[in-house]
Protein chains: 4
Amino acid sequence: MKANVKAREAGGEKRPRGRPRSERAKAAILSAARELLAELGPSGVTIEGVAARAGVGKPTIYRWWPDRYAVVMAALMESESPPQAPAHRARSALKSLRVQLRRMAAVFATGTGRAIAAMLAAAEQETEISRAFRNHFVLARREEGRALLREAIAAREIRADIDVDVALDMIYGPLFFRLLLGHAPIDERFMERVLDHALHGLRYG
Amino acid sequence: MKANVKAREAGGEKRPRGRPRSERAKAAILSAARELLAELGPSGVTIEGVAARAGVGKPTIYRWWPDRYAVVMAALMESESPPQAPAHRARSALKSLRVQLRRMAAVFATGTGRAIAAMLAAAEQETEISRAFRNHFVLARREEGRALLREAIAAREIRADIDVDVALDMIYGPLFFRLLLGHAPIDERFMERVLDHALHGLRYG
Amino acid sequence: MKANVKAREAGGEKRPRGRPRSERAKAAILSAARELLAELGPSGVTIEGVAARAGVGKPTIYRWWPDRYAVVMAALMESESPPQAPAHRARSALKSLRVQLRRMAAVFATGTGRAIAAMLAAAEQETEISRAFRNHFVLARREEGRALLREAIAAREIRADIDVDVALDMIYGPLFFRLLLGHAPIDERFMERVLDHALHGLRYG
Amino acid sequence: MKANVKAREAGGEKRPRGRPRSERAKAAILSAARELLAELGPSGVTIEGVAARAGVGKPTIYRWWPDRYAVVMAALMESESPPQAPAHRARSALKSLRVQLRRMAAVFATGTGRAIAAMLAAAEQETEISRAFRNHFVLARREEGRALLREAIAAREIRADIDVDVALDMIYGPLFFRLLLGHAPIDERFMERVLDHALHGLRYG
DNA sequence: GGATAATCGAGACGGTACGTCGCGTCTTCAT
DNA sequence: ATGAAGACGCGACGTACCGTCTCGATTATCC
């Protein structure tokens with residue numbers, strides 16, 4: 001234990017008073033939640049199950065998250081890396097958008113996709129974490145898309161008189177539509193075609 | 001008794017042996033479920049609550065629906081009339097589509113909308129009722145849309161080389177995207193603009 | 001059918017009006033109850049189980065017996081023949097008593113014995129059938145015993161100043177005591193020894 | 001903290017890890033069970049009823065007792081004090097036995113008596129608690145009786161060649177016989193007469 | 001022979017209670 | 001002052017049977 005003491009002195013961090021552990025437990029909890037999510041789906045992630053698998057007391061979980069939804073969301077957010085922020089800056093804005101959409105399709109085509117959709121729909125009240133979750137998985141990328149559309153407008157690749165919010169929902173909406181309804185598969189090709197159709201329009205032109 | 005036999009054969013209906021199910025109970029159950037759904041949201045619709053309010057035994061509910069999701073779905077399907085089949089045959093196919101989209105927006109803008117989205121996402125397995133539900137609320141109208149798009153193609157109002165499935169998801173997807181994410185309101189104007197943007201495309205043209 | 005009519009007129013009984021009760025159904029019910037009793041014990045004899053196994057509707061059972069206890073008791077009473085009325089009239093009354101006790105031991109040593117005890121104890125209210133049941137299995141034989149004791153008194157085989165009721169409970173009681181407590185086996189030898197000890201007393205004499 | 005450790009080692013008690021069980025809840029459960037038993041009889045003691053009256057969750061009951069029979073037995077065992085161990089050491093063993101029998105008669109003459117008999121008969125399988133129950137109410141006293149009979153033999157008050165087990169069942173059996181059959185009342189006088197008849201025998205002597 | 005009527009099978013009904021699962025909180029001991 | 005362990009009150013789950021009722025079909029008697 002001498003080493004421990006020395007390390008602490010060396011690090012110089014100030015410990016509150018008597019609490020030695022915490023990050024280890026947090027990691028174990030999220031890890032257990034991720035496993036259960038993969039094995040049993042969103043409804044199979046119970047606090048009791050997570051606590052048992054993580055070797056942790058239930059109150060420890062509640063010390064970090066307010067309820068089981070928050071735990072599942074946190075686990076999903078940890079497990080699924082977002083499409084690395086600047087997302088492969090391509091030559092043109094539309095090209096970058098195309099890359100981003102392909103990446104999203106790849107993520108949402110997995111079982112994780114349905115879990116995310118379920119959590120999005122299940123979030124009954126507007127909480128901190130549900131907002132963060134929506135932002136993490138969807139709205140942040142939609143904002144990336146907004147920036148790219150603006151660039152494309154500036155580059156005169158797309159028209160200036162469009163309603164950007166409508167355009168964004170038209171591009172990202174189909175992904176979640178298929179996720180929710182399951183009437184057709186989600187793949188990279190699909191997202192590309194969505195973008196193409198959105199750009200060219202359905203009319204003769 | 002020959003007449004009786006003949007009538008049954010003719011009608012083709014097959015009377016089962018025992019006491020027939022009580023339509024009164026069925027109506028009371030769905031009615032109670034609808035009320036609870038409106039008052040407490042999807043998660044507030046418990047079998048116990050429905051049974052108590054409907055003045056019905058729990059086993060009677062389980063005799064007809066496999067679980068609470070099925071009851072909620074059935075209640076929603078009973079309460080919400082779909083946009084009357086042929087949906088106001090307008091002069092042109094696109095006009096008819098526009099009318100249908102406005103109607104859907106009106107339905108999904110209500111609290112019922114979120115409930116439908118929640119049920120769509122919560123349905124963990126592919127059951128008879130979940131399929132019926134998706135079909136009732138969404139896919140049937142998407143198929144209406146498909147017919148209208150085909151008409152529009154025949155009438156040379158839109159291009160013949162489009163991928164109709166992609167086009168449909170691009171038109172109906174944004175509605176569910178907003179429903180799920182809640183980042184912007186759903187109203188008739190929104191759906192109209194979606195259709196407009198889909199038709200004209202984002203490019204210069 | 002002439003014979004039938006004549007017999008009825010002779011007997012003078014009045015046929016109610018409608019379809020007569022099916023003796024076949026009654027027999028099937030008791031048979032099914034007996035089987036379930038043997039397989040699952042008294043608590044395993046449910047009305048639903050009996051109805052299903054007998055190929056009979058539940059109301060048919062309730063037309064004959066008021067509740068499931070009555071059915072079990074009836075099944076037991078049908079299955080277990082009482083120790084043939086006069087029970088082997090031996091040379092002396094005490095010898096006859098000894099024979100009767102041996103026979104009772106044989107009956108109660110089987111699984112049926114515990115079932116009878118359970119039904120005796122479970123009968124919460126004083127009904128027609130529970131009285132009949134107690135009488136059939138126990139009290140009738142106790143009355144036989146009373147007659148035999150009286151004979152033995154007359155024959156000066158036992159004392160005249162005893163309390164016959166006390167004596168009878170002292171002879172038949174031990175059987176049910178072991179049945180209920182299960183602390184020792186029930187067999188013919190045991191009942192014989194009970195009778196011997198009752199006759200000779202525990203004192204020196 | 002050395003003292004603490006030492007004390008525990010000395011006492012030998014082993015504190016389990018978690019929150020200790022609530023004695024308050026245990027007492028409330030048994031108390032509620034006792035009340036319901038008195039008001040409604042053995043079949044009126046339902047787990048739901050006990051939980052509601054005790055202000056306790058059902059799972060708390062199931063944590064400590066395997067089923068409703070065990071709860072009733074525990075309640076009976078708590079409520080009814082056994083006839084204080086050494087049971088009034090009288091001058092002679094037979095006198096002590098007589099006192100014990102009178103006390104038992106007093107206990108079993110009450111409504112509690114029938115409840116005990118019902119539980120004895122209902123216990124379908126041989127469990128820890130059913131064994132404890134039988135021992136508590138009956139077999140322990142039968143063993144007391146055995147000791148007293150042995151004393152009486154040593155004191156030459158009764159014969160040495162008797163089968164003590166048979167004699168015991170002959171003395172205690174009649175009590176349960178009347179309890180089960182209800183053909184005659186149970187009172188102190190009855191038990192005394194049983195003992196008298198057992199001692200003197202039915203023969204002339 | 002046709003009407004009448006009771007019983008039959010089947011099985012749904014409103015109920016009660018079961019025993020279980022998971023929730024989120026609380027309490028204890030050990031660190 | 002945390003952390004694991006785990007009991008607590010609670011609410012809902014889905015199931016088993018209860019005893020009753022409502023059907024169409026069947027089987028008898030009565031007119």
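Naming convention: chains lettered A, B, ... in sequence-line order (proteins, then strands); numbering from 1 in each chain.
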Legend entry - Nearest-nucleotide comparison on DNA chain F, the residue closer to the 5′ end among C/Glu48 and B/Thr46: B/Thr46
Legend entry - D/Arg131 atom CZ, over 12 foreign heavy atoms within 6.0 Å: yes
Inset, instruction - Could you tell me the separation between the CD atom of D/Glu23 and the P atom of F/dA7, rounded to a whole number of Å? - result: 13 Å
Inset, instruction - Could you state the atom-to-atom distance from CD1 of B/Ile47 to C1' of E/dG15 in whole Å? - result: 16 Å
Inset, instruction - Of all the heavy-atom pairs spanning C/Arg114 and D/Leu120, show the shortest one and how long it is. - result: NH2-O, 3.7 Å
Inset, instruction - Step by step, work out the side chain to side chain contact (heavy atoms under 4.5 Å, CB included) result for D/Val71 and D/Trp64. - result: CA-CA 9 Å; D/Val71 177; D/Trp64 300 107; over 6 Å; no
Legend entry - Nucleotide E/dA6, atom C1' - distance to NZ of C/Lys26 in whole Å: 17 Å
Inset, instruction - Mind listing the residues from residues 35-45 of chain D sitting with a heavy atom below 4.0 Å of DNA chain F? Number order is fine. - result: none
Inset, instruction - Applying side chain to side chain contact (heavy atoms under 4.5 Å, CB included), run through A/Thr127 and A/Tyr69 and close with a yes or a no. - result: CA-CA 10 Å; A/Thr127 66; A/Tyr69 291 106; over 6 Å; no
Legend entry - Residues touching DNA chain E, which here means a heavy atom under 4.0 Å, drawn from residues 49-67 of chain D: D/Lys58, D/Pro59, D/Tyr62
Could you give the side-chain donor-acceptor pairs of residues 50-59 of chain C under 3.5 Å, partners two or more places apart or in another chain?
from	atom 1	to	atom 2	distance (Å)
C/Arg53	NH1	C/Glu35	OE1	2.8
C/Arg53	NH1	C/Glu39	OE2	2.9
C/Arg53	NH2	C/Glu39	OE1	3.1
C/Lys58	NZ	C/Glu48	OE2	2.7

Legend entry - Heavy-atom side-chain contact between C/Trp65 and C/Leu30 under 4.5 Å: yes
Inset, instruction - Determine whether any donor atom in the side chain of B/Arg19 lies under 3.5 Å from an acceptor atom in the base of F/dC21, or the reverse, and answer yes or no. - result: yes
Legend entry - Closest approach of C/Gly44 to C/Leu36 (non-hydrogen atoms, all atoms of both residues): O-CB, 4.4 Å
Legend entry - Integer-rounded Å distance: E/dG19 C1' and D/Tyr69 OH: 14 Å
Inset, instruction - Would you mind reading off the distance between B/Arg68 atom CZ and F/dG14 atom P, rounded to a whole angstrom? - result: 8 Å
Legend entry - Verdict with reasoning, B/Arg63 to B/Thr60, per side chain to side chain contact (heavy atoms under 4.5 Å, CB included): CA-CA 5 Å; B/Arg63 242 190 294 280; B/Thr60 298; 3.4 Å; yes
